[in-house]
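Since the structure comes first, as structure tokens, the remarks are kept for the end.
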Amino acid sequence: MSTTADRLATAYSDAIGTLSRVTPKGWYAERGTARAGVTHAAAASLNGVFDLTSDPDLGSLDELATEVARQVPHWSIIVRGEPSAGIVDLAARHGLSERSALPLMACATDDIVFRTGSTQRTLVRRVGAAESDTYTDAFTESFEAPDGAFGSLMGGAVLDTDGVTGYLAEESGRPVGTALGMRTRGVVGVFNIGVVPSARGRGLGRTLTEAVLRDGIAAGADVAYLHTSPMGRPLYESMGFALVETWTMLTPRPSEA
């Protein structure tokens, strides 16, 4: 029987597949129940091999891991829950010995707690592919990443793709935050929530998240999901999100990447 967690895992797989196919240097492949998406961004989570079923296909994961490792130095294997001994051994053979948790949170759209009576004056607007460079610059600054770290991740036709919506928060005409909504199968995924250091602490992360959620609801989504950091979790809990399950990401140790 399909569960909410299964539905969200499928939506995430679809989202990564879409992004990997449309980003200019992207690559995507499937083997059995395993999937691989490469964006060439300098972030392991954006170049992944994953099997989000309850019984991952080790042979297919191994094949895809070999292909991804040939393409990028920053990559990962992602599975739901705690990895089995077989997954851990497979990852170690490919040089992935660092482990981190990816908490998956979700909320039925009817249960989302939107802020009322806000005096927030920040403009949040949708952006298309014509502004991909502006979006990428703001995204990079918001995540305090080195220049060029995300490469052409959001370039090409990404921001004009059906089901994909980019958002910029602006103050006095200056970009101060980003968000990305990815809709598939009646589900909206919330990604790229980031605020530049000088604009933090004023609720812009919530403003951006609400923009993604409102548009997702308008497009027919009945549930929303996201992966959160420990810092962001209290915000999302205050909006009605709850932990569904925790995934595991296996990556190279920093000195090995």
Side-chain angles (χ1 to χ4, degrees), residues 3 5-21 23 25-106 143-146 149-151 153 182 189-194 225-233 243-257:
T3 66
D6 294 331
R7 186 182 177 201
L8 299 178
T10 299
Y12 176 85
S13 294
D14 290 346
I16 296 302
T18 295
L19 181 60
S20 300
R21 290 185 182 101
T23 191
K25 297 181 180 180
W27 175 86
Y28 179 76
E30 300 182 357
R31 300 279 191 282
T33 55
R35 307 285 183 265
V38 173
T39 68
H40 289 277
S45 60
L46 295 171
N47 303 295
V49 180
F50 52 98
D51 188 327
L52 301 180
T53 62
S54 58
D55 185 20
D57 179 345
L58 295 182
S60 296
L61 278 173
D62 195 25
E63 291 177 14
L64 289 175
T66 299
E67 294 187 42
V68 171
R70 290 179 183 142
Q71 298 184 54
V72 286
H74 304 278
W75 67 287
S76 62
I77 291 176
I78 297 174
V79 294
R80 291 166 65 181
E82 282 294 311
S84 66
I87 294 289
V88 172
D89 288 346
L90 185 158
R93 290 199 306 274
H94 288 279
L96 309 183
S97 54
E98 192 82 357
R99 185 185 302 195
S100 55
L102 295 176
L104 177 70
M105 302 187 77
F143 282 81
E144 300 184 70
F150 295 114
L153 173 69
M182 299 194 73
V190 181
F191 298 89
N192 294 7
I193 301 295
Y225 74 92
L226 51 85
H227 284 108
T228 185
S229 65
M231 183 182 299
R233 184 166 175 172
L243 182 68
V244 174
E245 59 186 17
T246 300
W247 298 358
T248 300
M249 180 169 68
L250 298 151
T251 58
R253 292 192 183 278
S255 62
E256 300 169 356

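Numbers here simply count residues along the sequence, with the first being 1.
- Contact detail for Ala34 and Ser60: the closest heavy-atom pair is CB-CB, 3.8 Å.
- For the atom pair Arg31 CZ and Asp51 CG, the distance stands at 13.5 Å (nearest 0.5 Å).
- The heavy-atom pair separating Ala36 from Val68 by the smallest distance is CB-CG2, 3.9 Å.
- Residues Thr228 and Arg233 have side chains that never bring a donor and an acceptor to within less than 3.5 angstrom of each other.
- Inter-residue side-chain proximity for Arg21 and Trp27 is flagged as unmet; no heavy-atom pair is nearer than 4.5 Å.
- Here the CG-CD distance, from Leu8 to Glu245, works out to 8.0 Å after rounding to the nearest 0.5 Å.
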* **From CA spacing to verdict: side chain to side chain donor-acceptor pair (under 3.5 Å), Thr33, Asp57** => CA-CA 6 Å; Thr33 55; Asp57 179 345; 4.6 Å; no
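- In this structure the side chain of Arg35 never reaches within 4.5 angstrom of the side chain of Ile16, judged on heavy atoms.
- For Thr10 (side chain) and Asp6 (main-chain N/O), a donor-acceptor pair under 3.5 Å exists by modelled atom type.
- Listed for the Arg80 side chain is a donor-acceptor partner under 3.5 Å among the backbone atoms of Leu52.
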* Let me see the working for Thr66 and His94 under side chain to side chain contact (heavy atoms under 4.5 Å, CB included), right down to the final yes or no. => CA-CA 8 Å; Thr66 299; His94 288 279; 3.3 Å; yes
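- Between Ile78 and Thr248, every side-chain heavy-atom pair lies at or beyond the 4.5 Å cut-off.
- Between Val244 and Met105, the closest side-chain pair of non-hydrogen atoms is not below 4.5 Å.
- Listed by chain and residue number, nothing satisfies the ring-ring contact (aromatic ring centres under 6.0 Å, His included) test with His40 (two or more places apart in sequence, or in another chain).
- Residues Ile77 and Phe50 fail the side-chain proximity criterion, which asks for heavy atoms closer than 4.5 Å.
- Counting only distance, with no hydrogens or angles, the side chain of Ser76 and the backbone of Thr251 share no donor-acceptor pair below 3.5 Å.
- Among residues two or more places apart in sequence or in another chain, the ring-ring contact (aromatic ring centres under 6.0 Å, His included) test is passed with Trp247 by Tyr12, His227.
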* Residue pair Val38, Ser20: steps toward the side chain to side chain contact (heavy atoms under 4.5 Å, CB included) verdict -> CA-CA 6 Å; Val38 173; Ser20 300; over 6 Å; no
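- For the pair Trp75/Leu46, no side-chain contact is recorded, criterion being any heavy-atom separation below 4.5 Å from C-beta on.
- A donor-acceptor pair shorter than 3.5 Å cannot be found between the side chains of Asp55 and Thr53.
- Not a single donor-acceptor pair under 3.5 Å links the side chain of Asn47 to the backbone N or O of Val72.
- One distance of note links OG of Ser84 with CG of Asp89; it measures 8.5 Å at 0.5 Å rounding.
- Using a 4.5 Å heavy-atom threshold, the side chains of Leu61 and Pro56 count as touching.
- With a 4.5 Å cut-off on side-chain heavy atoms, Val88 and Arg99 count as touching.
- Contact record, Leu243 with Pro103: CD1-CB, 3.8 Å, taken as the closest heavy-atom pair.
- A salt bridge links Arg93 with Asp62: the closest approach of a Lys/Arg side-chain nitrogen to an acidic carboxylate oxygen falls below 4.0 angstrom.
- For the atom pair CG of Leu153 and OG1 of Thr23, the computed distance is 5.0 Å after rounding to the nearest 0.5 Å.
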